[in-house]
Amino acid sequence: MKLYIETYGCQMNVNDTEVIFSILAAEGYERTEDISEADVILANTCSVRDNAEQRIHGRIGQFALNKKARPEVLVGIVGCMAERMKENLLESGKVDIVAGPDTYRRLPELIKEASRRPQIDVTLSREETYADIVPVRTDTNGVAAFISIMRGCNNVCSYCVVPYTRGVERSRDARSIVREACDVHSKGYREVTLLGQNVDSYRWSDPVTGEDVNFARLLEMVARVNPDLRVRFATSNPQDISDEVIRTMAAYPNICRHIHLPVQSGSDRILEKMRRRYTAQWYFDRVEYIRSIIPDCGITTDVIAGFCSETEEDHRATLDLFEKVGFDAAYMFQYSERPGTIAARHYPDDVDAATKTRRLNEIIELQNRKSLENYRRDIGKTFEVLVEGPSRRSSEDLCGRTSNNKMCVFADSVHKAGDYVSVEVVDCTSATLLCRVKP
Ligand code: SAH
Ligand code: SF4
Ligand code: F3S
């Protein structure tokens, strides 16, 4: 049986796809990149914004053509949109399997039964962490691997669907995380990214030693796997990132100097309405503290333009904060109302589409200018880069990231993916450092 999977959404979904491959490979399924030869087509989906779901509806239409050509083909929608839409996804008759993020162990059984009638399992779990499953890495560079350290989320940011699609927060056995890091290192990987919706709330208690492992301690355990293995993590919540985590980063050179710290808004009134538990000043003070301990730390963010009741004044507060912080990069979104969330139930989505777009564009424009200024300051500096492979634009160039997560491109015919290379920055764009290899 041949299995084809498309992945949408965040890095956790990328890692979940690897878990799914692992579960189905154990049952004899073979992976294919060619959808036309697949016996089972799965889409691992995202619900975070409406446009993410619209894309999947489009794909379901496309998959139906594959079914038409070969009626025995089974189509499964798994992940966050499966969890959110449940049996509604079966109504079109184009979907055979609906499986939520905590039911992947049942996929072999669901697929088997689906040839008789459509199958659905959207049970959320309080325990499932897939700790014992060794993901089959699907990324092609063989250098950087994702490791999920927890699942679910216990925050209820009012705009966000994730707590509903992923369930309650659970931390994975720290020993299995360290084992997985050792395993990928022995296979040649040189970077791991520890994933969770709110990594600072990681908590696990060792049943043997009784030790309580928090995120700072986990970071340290993974950093000690090998000095040659870089460690990244995401996502940190501004209200929860601890001084201990920041000091642990400073103590281990192989913990990358980069924190993704989503701010969402620069207006205290909007932050409160979003149920984020910090103010703009508090956020700024965290950034200052990080920079005082780790001066070269890369800081990136997420922001939402046009949340319910956002005024021009609120929007200007966001622009001001962006101006003041000077992020290295940002993921910038327009607010998209998600059914069932606190915001959808209590606050009208009252910023009109044109205003949302204009505000988003103003943020993007400001951030592009800030990114360029920020990258320009690196010209003349030397960085150690972990080579990821050939650059996208030219096969004669290699690309790789600095510790603080900036993409570097440089001409190099000597090194290969997985090597550490010392480079000097000669020029830049707002998203790439153009470098030359140091002799
Ligand atoms: N756990 C992470 C975020 C996960 S979702 C955190 O707390 O930071 C990734 C990003 O999507 C969020 O940071 C937010 O900026 C954006 N997002 C979430 N819900 C959204 C919505 N309804 N509309 C627009 N953007 C949204
Ligand atoms: Fe969503 Fe907030 Fe949880 Fe992040 S912390 S996943 S934004 S509810
Ligand atoms: Fe990730 Fe999208 Fe789900 S961002 S957690 S795949 S809703």
Side-chain angles (χ1 to χ4, degrees), residues 6-17 19-20 43-56 77-85 100-102 122 124 146 148-170 195-202 233-241 259-266 270-271 273-278 283 299-308 310 318 327 329-345 347 349 351 353 356-357 359-360 363 367:
E6 280 178 11
T7 310
Y8 298 84
C10 61
Q11 296 170 334
M12 305 200 94
N13 253 17
V14 174
N15 192 223
D16 277 3
T17 290
V19 166
I20 294 171
N44 189 6
T45 59
C46 174
S47 282
V48 82
R49 282 169 292 275
D50 184 58
N51 55 11
E53 291 199 353
Q54 291 315 321
R55 264 172 86 193
I56 304 299
I77 301 299
V78 306
C80 291
M81 189 174 164
E83 192 62 48
R84 195 187 78 73
M85 293 196 57
D102 288 342
V122 288
L124 284 173
F146 294 132
S148 295
I149 62 164
M150 55 208 295
R151 298 183 72 84
C153 183
N154 281 357
N155 289 333
V156 260
C157 304
S158 61
Y159 51 84
C160 184
V161 78
V162 172
Y164 307 92
T165 63
R166 293 258 161 185
V168 298
E169 187 180 279
R170 296 134 267 172
L195 298 177
Q197 294 297 353
N198 184 9
V199 289
D200 296 280
S201 61
Y202 179 87
F233 57 89
T235 302
S236 306
N237 271 40
Q239 68 266 24
D240 293 325
I241 186 166
I259 301 177
H260 184 59
L261 200 63
V263 67
Q264 315 298 2
S265 170
I270 294 293
L271 285 169
K273 213 163 175 155
M274 286 176 160
R275 294 206 180 200
R276 301 289 283 189
R277 291 171 284 121
Y278 52 87
Y283 183 92
I299 298 181
T300 56
T301 202
D302 293 347
V303 67
I304 300 175
F307 184 63
C308 313
E310 187 187 73
T318 299
F327 295 107
Y331 296 93
M332 299 162 277
F333 310 105
Q334 292 187 32
Y335 173 59
S336 163
E337 186 177 82
R338 308 311 297 130
T341 56
I342 295 170
R345 283 183 280 133
Y347 312 134
D349 180 10
V351 177
K356 278 183 188 170
T357 306
R359 289 182 185 165
L360 176 64
I363 300 172
Q367 181 51 41

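Ligands are counted one by one from 1 in listed order, and the atoms in each one are counted from 1 as well. None of the values given here were measured: they were computed from a predicted structure.
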* CA sep, side-chain torsions, deciding dist, call: Y331, H260, ring-ring contact (aromatic ring centres under 6.0 Å, His included) -> CA-CA 10 Å; Y331 296 93; H260 184 59; 5.7 Å; yes
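In the model, Q334 has a side-chain atom that pairs as donor or acceptor with a side-chain atom of T357 under 3.5 Å. No side-chain donor from either of R277 and N237 sits under 3.5 Å from a side-chain acceptor of the other. Checking N44 against T7 by side-chain atom types alone, no donor-acceptor pair falls below 3.5 Å. A side-chain N or O of Y159 and one of Q264 form a donor-acceptor pair less than 3.5 Å apart.
For atom 3 (Fe) of ligand 3, protein N/O/S neighbours under 2.8 Å (waters excluded) are C80 SG.
A distance of 9.5 Å separates CZ in R275 from SG in C157, rounded to the nearest 0.5 Å.
By the 4.5 Å heavy-atom criterion applied to side chains, D240 and N198 are counted as neighbours. K273 places none of its side-chain heavy atoms less than 4.5 Å from the side chain of E310.
Using a 4.0 Å heavy-atom cutoff, Q197 is listed among the residues neighbouring ligand 3.
In this structure, D102 pairs ionically with R170, as a charged nitrogen and a carboxylate oxygen lie closer than 4.0 Å.
Cation-pi geometry between K356 and Y335 is not satisfied (NZ or CZ under 6.0 Å from the ring centre, within 45° of the ring normal).
The aromatic rings of F307 and Y347 sit perpendicular, their planes meeting at an angle over 60°, well past the 30° parallel limit.
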Return all side-chain donor-acceptor pairs below 3.5 angstrom for residues 8-16, not counting sequence neighbours, or 'none' if the list is empty.
{"from": "Y8", "atom 1": "OH", "to": "E6", "atom 2": "OE1", "distance (Å)": "2.5"}
{"from": "N13", "atom 1": "OD1", "to": "R166", "atom 2": "NH2", "distance (Å)": "2.4"}
{"from": "N13", "atom 1": "ND2", "to": "Y8", "atom 2": "O", "distance (Å)": "2.8"}
{"from": "N13", "atom 1": "ND2", "to": "T45", "atom 2": "O", "distance (Å)": "2.9"}
{"from": "N15", "atom 1": "OD1", "to": "S148", "atom 2": "N", "distance (Å)": "3.2"}
{"from": "N15", "atom 1": "OD1", "to": "S148", "atom 2": "OG", "distance (Å)": "2.7"}
{"from": "N15", "atom 1": "ND2", "to": "E18", "atom 2": "OE1", "distance (Å)": "3.0"}
{"from": "N15", "atom 1": "ND2", "to": "F146", "atom 2": "O", "distance (Å)": "3.2"}
{"from": "D16", "atom 1": "OD1", "to": "R151", "atom 2": "NH1", "distance (Å)": "2.9"}
{"from": "D16", "atom 1": "OD2", "to": "R151", "atom 2": "NH2", "distance (Å)": "3.0"}
{"from": "D16", "atom 1": "OD2", "to": "R166", "atom 2": "NH1", "distance (Å)": "2.9"}
{"from": "D16", "atom 1": "OD2", "to": "R166", "atom 2": "NH2", "distance (Å)": "3.4"}

Using a 3.5 Å cut-off on N/O to N/O, what pairs does ligand 1 make with the protein? A line per pair would be great.
{"from": "ligand 1", "atom 1": "1 (N)", "to": "Q197", "atom 2": "O", "distance (Å)": "2.9"}
{"from": "ligand 1", "atom 1": "1 (N)", "to": "Q197", "atom 2": "OE1", "distance (Å)": "2.8"}
{"from": "ligand 1", "atom 1": "7 (O)", "to": "N237", "atom 2": "OD1", "distance (Å)": "3.4"}
{"from": "ligand 1", "atom 1": "7 (O)", "to": "R276", "atom 2": "NH1", "distance (Å)": "3.3"}
{"from": "ligand 1", "atom 1": "11 (O)", "to": "R49", "atom 2": "NH1", "distance (Å)": "3.1"}
{"from": "ligand 1", "atom 1": "13 (O)", "to": "Q264", "atom 2": "NE2", "distance (Å)": "2.8"}
{"from": "ligand 1", "atom 1": "13 (O)", "to": "D302", "atom 2": "OD2", "distance (Å)": "2.6"}
{"from": "ligand 1", "atom 1": "15 (O)", "to": "Q264", "atom 2": "OE1", "distance (Å)": "2.7"}
{"from": "ligand 1", "atom 1": "17 (N)", "to": "R49", "atom 2": "NH1", "distance (Å)": "3.4"}
{"from": "ligand 1", "atom 1": "22 (N)", "to": "Y159", "atom 2": "O", "distance (Å)": "3.1"}
{"from": "ligand 1", "atom 1": "22 (N)", "to": "S336", "atom 2": "O", "distance (Å)": "2.7"}
{"from": "ligand 1", "atom 1": "23 (N)", "to": "S336", "atom 2": "N", "distance (Å)": "3.0"}
{"from": "ligand 1", "atom 1": "25 (N)", "to": "R49", "atom 2": "NH1", "distance (Å)": "3.3"}

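At a 4.0 Å heavy-atom cut-off, the residues surrounding ligand 2 are C153, N155, C157, Y159, C160, V162, P163, Q197, N237, R276, listed by chain and number.
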